[in-house]
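Here is the structure we will look at, set down as structure tokens.
Just so we're on the same page: letters track the sequence lines, and every chain starts at 1. No experiment lies behind these values; they were computed from the predicted model shown.
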2 protein chains.
Amino acid sequence: MTAYQSLCDVVSEIALITSTESVLGWDQETYMPEKALEHRARQLSYLTGKAHGLLTSKKTLKLMERAETEMPENPTQAANVRGLRRDIDKATKLPQKLVEEESEVTAMGKAAWAEARSKSDFAMFAPHLEKILGIARKKADLFGYEDEPYDALLDLYERGAKTREVAALFAKLRPQLAEIACEAVAKSKKVKPGVLKGRYPIEKQQILNREIAESLGFDFEAGRIDTTAHPFCTTLGPGDVRLTTRYDETDFLSSLFGVMHEAGHGLYEQGLPGLDYGLPSGSAASLGIHESQSRLWENHVGRSHTFWAKWLPRAKELFPHLKKVTLDAFMKEMLHSEFSFIRVEADEATYDLHILLRFGIERRLVKGELAVQDVPKVWNEEYRELFGMTPPDDRRGCLQDIHWSMGGLGYFATYTLGNLNAAQLFHAAKKQKKISNALEKCDYAPLLKWLRDNVHSQGGALLPQEIITQATGKPTDAKWHIAHLRERYVG
Amino acid sequence: MTAYQSLCDVVSEIALITSTESVLGWDQETYMPEKALEHRARQLSYLTGKAHGLLTSKKTLKLMERAETEMPENPTQAANVRGLRRDIDKATKLPQKLVEEESEVTAMGKAAWAEARSKSDFAMFAPHLEKILGIARKKADLFGYEDEPYDALLDLYERGAKTREVAALFAKLRPQLAEIACEAVAKSKKVKPGVLKGRYPIEKQQILNREIAESLGFDFEAGRIDTTAHPFCTTLGPGDVRLTTRYDETDFLSSLFGVMHEAGHGLYEQGLPGLDYGLPSGSAASLGIHESQSRLWENHVGRSHTFWAKWLPRAKELFPHLKKVTLDAFMKEMLHSEFSFIRVEADEATYDLHILLRFGIERRLVKGELAVQDVPKVWNEEYRELFGMTPPDDRRGCLQDIHWSMGGLGYFATYTLGNLNAAQLFHAAKKQKKISNALEKCDYAPLLKWLRDNVHSQGGALLPQEIITQATGKPTDAKWHIAHLRERYVG
């Protein structure tokens with residue numbers, strides 16, 4: 001047996017443990033009774049320790065070194081060796097003390113954030129953010145970076161991304177996004193609201209959601225949809241991808257777009273090479289690629305005119321009070337845009353502005369160019385510049401997101417990278433007549449096949465930017481997303 | 001740290017693994033999509049191997065020996081040492097080859113049984129049963145026994161039980177049970193059927209089931225009810241007991257008694273000492289004790305006149321077509337008795353006859369007094385003697401149960417031991433005025449407290465017969481079950 005093969009066996013064993021953790025995690029979010037929490041935490045921490053122990057054992061490290069010396073000729077295998085080295089480095093470069101400190105600081109940070117948010121009192125959270133930043137900078141130093149420490153953090157979520165490049169992309173985006181958002185909001189103000197008012201029974205919403213997820217190609221023999229407070233998608237093993245959504249009885253679009261978004265993630269997971277489960281080549285390439293799939297299905301497919309020409313009649317069967325709503329009126333309401341203080345409530349036309357704001361602040365925080373205590377002031381100024389209004393309090397301003405409290409600095413950028421990649425991939429796919437013709441008939445099989453061939457089947461053997469470049473001919477660019485938004489919201 | 005404490009740490013670690021297996025198992029039965037099966041089997045077999053490895057490691061065996069030498073003075077700790085020795089012996093006395101052979105033979109056996117049953121062809125199953133018996137005899141020899149090999153098998157499910165004693169108990173039971181069953185069936189023939197006919201929507205059944213389970217004391221913050229093909233109760237950790245039931249839209253009593261039965265198991269599990277989770281003192285004493293709890297709540301509480309005096313009005317609110325059904329007519333229908341070929345469809349008055357039949361055949365098979373090929377003939381003769389009719393085919397005769405195909409020889413007896421213990425415990429509890437008065441008002445808290453104090457809190461630190469004797473003053477006797485059946489079905 002080659003070192004590579006032995007290494008794959010270790011990875012399979014680790015994947016058995018981590019996929020078991022995923023089952024425990026899914027159950028905890030969906031069905032677990034509350035008094036089970038303590039034991040569940042113990043089970044999870046035990047398994048995490050076991051997986052970490054396996055990944056960083058002397059045996060694994062020796063195998064790794066041998067595999068690197070022998071370096072397989074097969075490019076996927078070579079990519080797996082490099083990817084596993086990355087995983088091992090991530091797991092070994094941080095001293096145990098720092099890992100424990102991070103886990104403690106973020107546990108306290110999350111609790112403090114929750115209270116600070118509810119009281120809209122940034123001062124309560126500030127000392128915790130200070131500590132979290134300190135740890136993030138230490139991590140960046142230990143992982144190493146080219147230009148600035150933020151590179152190392154960004155790389156945790158978007159492999160190979162450089163702060164400088166992302167910043168350039170976002171800078172190009174910003175004025176155009178701001179202009180589109182303003183026009184979209186102004187247009188929406190002219191639309192009479194309330195055409196979709198009414199009660200949407202949950203059982204009926206579930207029927208529609210399932211029919212639509214199936215029509216996209218989501219395989220319900222290898223997955224399911226449940227209900228949680230916050231929608232997510234998780235993979236419990238090859239052949240087992242679970243989506244969740246939440247229901248609002250006054251708004252069927254909320255659960256439906258939740259399902260389409262998570263089904264986008266799910267289709268990606270269902271399309272990863274199952275035989276490579278656990279290896280880099282059997283795993284998602286990055287969060288930005290993952291998000292490109294969810295946004296593609298949610299926004300490019302799900303918010304399109306063609307899509308609703310087919311599905312509005314079906315919605316009318318399930319929700320008879322919609323009977324008199326015309327497709328035109330429905331589309332105007334569904335694409336309604338307005339400035340909101342809260343990112344997770346933002347619509348497609350205004351969403352990325354929220355990300356640009358966060359990216360800029362995070363980067364300056366990590367660099368040390370912005371002091372923690374000044375975050376609320378800078379947030380509100382920047383927000384005013386982008387949206388023309390000021391958050392009434394920090395709860396609806398710099399305290400709204402959980403990410404920083406969890407130490408997730410570097411994460412936000414992947415949301416907008418996902419939007420840009422979604423537009424670019426969708427544009428490239430539609431160049432094929434077969435695909436665009438099928439889309440006109442709401443037949444998604446050719447589109448899904450294209451994504452399977454060009455994105456899903458690659459797993460994480462290539463870098464995100466290699467995937468985008470191979471699939472579309474160019475690295476990520478803002479122009480297709482801009483063109484898409486302009487056509488839909490200004491056009 | 002004493003050897004006992006170190007041993008407890010090993011047990012805690014094993015319990016983290018086995019309780020994780022329980023989560024995987026529960027998910028597999030409730031929500032897992034079909035294509036997940038292969039990976040799930042891999043996860044389970046990996047964890048089983050890890051738990052087995054820990055239990056039988058050299059380190060554990062040495063700790064065990066040291067703990068036995070030091071033998072704690074505390075009686076619960078001493079019982080745990082003895083119980084763990086038993087577990088370790090069970091896990092080490094069988095050579096790996098035999099364990100593998102058993103797993104293979106029963107896997108084939110289950111498949112062959114399923115086909116044989118569907119074709120009602122005993123000859124297809126006979127060679128498999130022969131092999132299963134051979135393995136059971138080998139196991140009995142390796143585990144050791146006093147009088148006959150069946151002792152060793154019985155002991156796997158009912159610790160400390162002796163074949164000879166159980167046989168004596170059953171022999172005493174048999175003529176009286178047969179007489180009661182005949183009278184119950186004759187009485188039921190005079191009752192006009194169909195008073196409960198109608199449609200019972202599942203959501204309404206779920207409301208009633210939950211209200212009733214709550215009224216018994218089942219803690220829904222530490223448990224839940226889901227839907228499966230076969231009802232069961234499983235514990236995923238302290239504070240996490242999951243029940244399942246199945247629904248028949250034409251019969252609300254089917255899901256309800258399923259829930260009351262499983263809630264009886266669940267109340268026991270919720271009452272075990274949580275701090276001793278994983279240790280013998282934190283685990284159920286035996287299957288016979290477990291079954292006593294399910295039967296007590298299902299039959300003694302749930303099929304009583306007082307119970308339905310309270311709950312029939314509530315059922316009428318949920319199922320308005322029951323409005324004109326009197327309590328008397330309801331009780332007659334609910335306690336309807338008839339001879340059935342199938343054990344799992346049998347009613348309370350006839351159930352134990354099915355067990356007596358199986359116990360006798362199993363015992364003779366293991367002893368070698370009965371040849372496998374003669375099972376159908378003997379089954380049908382015995383059945384005719386007990387029930388006055390002959391099974392039309394083996395599907396409704398000796399092929400109906402899965403137990404033998406899984407190697408579960410020795411299991412059946414615990415069902416009737418459970419019935420006997422249920423009656424005996426219920427009788428003892430009711431001697432307390434406070435409990436019997438509360439029962440008249442459908443207040444189950446004092447009864448549950450008595451069971452907690454006398455049964456649940458003991459865990460498995462005592463032998464089943466020690467628990468029954470301490471709680472009721474006598475070892476298991478048939479007379480209370482007989483008296484109960486006579487009062488309810490003949491009286």
Side-chain angles (χ1 to χ4, degrees), chain A residues 9 12-28 30-51 54 202-203 218-227 235-244 266 270 274-275 277-278 282, chain B residues 9 12-28 30-51 54 202-203 218-227 235-244 266 270 274-275 277-278 282:
Chain A
D9 287 346
S12 291
E13 187 175 346
I14 295 173
L16 284 175
I17 301 175
T18 53
S19 62
T20 297
E21 289 183 74
S22 301
V23 179
L24 297 179
W26 174 85
D27 179 70
Q28 179 166 342
T30 51
Y31 296 114
M32 190 186 82
E34 41 196 300
K35 288 183 183 166
L37 189 59
E38 202 182 315
H39 187 71
R40 182 57 50 89
R42 245 181 250 138
Q43 292 172 315
L44 282 167
S45 124
Y46 176 72
L47 293 175
T48 305
K50 286 289 158 193
L54 270 174
I202 291 175
E203 318 81 67
F218 186 77
D219 180 357
F220 278 92
E221 289 183 3
R224 42 181 294 119
I225 305 179
D226 295 274
T227 308
T235 295
L236 312 193
D240 196 354
V241 176
R242 315 241 176 142
L243 321 178
T244 73
Q270 289 185 337
L275 293 174
Y277 184 75
Chain B
D9 287 348
S12 291
E13 186 174 346
I14 295 174
L16 284 175
I17 302 176
T18 53
S19 62
T20 297
E21 289 184 76
S22 301
V23 180
L24 297 180
W26 174 85
D27 180 70
Q28 179 165 341
T30 50
Y31 297 114
M32 190 186 82
E34 43 197 301
K35 287 184 184 165
L37 190 60
E38 201 182 317
H39 187 71
R40 182 57 49 88
R42 246 181 249 137
Q43 291 172 316
L44 281 167
S45 125
Y46 176 71
L47 293 176
T48 304
K50 286 289 159 196
L54 271 174
I202 291 175
E203 318 81 67
F218 186 78
D219 180 358
F220 278 93
E221 288 184 2
R224 44 181 294 118
I225 305 178
D226 295 273
T227 307
T235 295
L236 310 193
D240 196 353
V241 176
R242 315 240 175 144
L243 319 178
T244 73
Q270 289 186 336
L275 293 174
Y277 184 75

(request) Below 4.5 Å from any heavy atom of chain B, which atoms of Leu37(A) appear? Answer side chain, backbone, both or neither. (result) neither
(request) Locate the shortest heavy-atom distance separating Gly237(A) from His39(B); write the atom from each residue and the value. (result) CA-CD2, 3.6 Å
(message) Rounded to the nearest 0.5 Å, what separates atom CD1 in Ile17(B) from atom NZ in Lys50(A)?
(response) 7.0 Å
(request) Give, for atom CG of Leu16(B) and atom CG of Leu44(A), the distance between the pair rounded to the nearest 0.5 Å. (result) 10.0 Å
(request) Would you check if Arg40(B) and Val23(A) make a side-chain contact, meaning some heavy-atom pair closer than 4.5 Å? (result) yes
(request) Measure the acute angle between the ring planes of Tyr31(A) and Tyr31(B), then classify it against the limits of 30° and 60° as parallel, tilted or perpendicular. (result) parallel
(message) How long is the straight-line distance from CZ of Arg42(B) back to CD of Glu13(A), given to the nearest 0.5 Å?
(response) 13.5 Å
(message) Report which part of Ser19(B) has an atom under 4.5 Å of a heavy atom belonging to chain A: side chain, backbone, both, or neither.
(response) both
(message) Any non-hydrogen side-chain atom of Asp27(B) less than 4.5 Å from a side-chain atom of Trp26(A)?
(response) yes
(message) Shorter than 4.5 Å, heavy atoms on both sides: which option in Thr30(A), Leu47(A), Leu24(A), Asp226(A) has the most such pairs with chain B?
(response) Leu24(A)
(message) What's the separation between atom CD in Gln43(B) and atom CG in Asp240(A), rounded to the nearest 0.5 Å?
(response) 8.0 Å
(message) Which heavy atom of Gly239(A) sits nearest to which heavy atom of Pro33(B), and what is that distance?
(response) O-CG, 4.0 Å
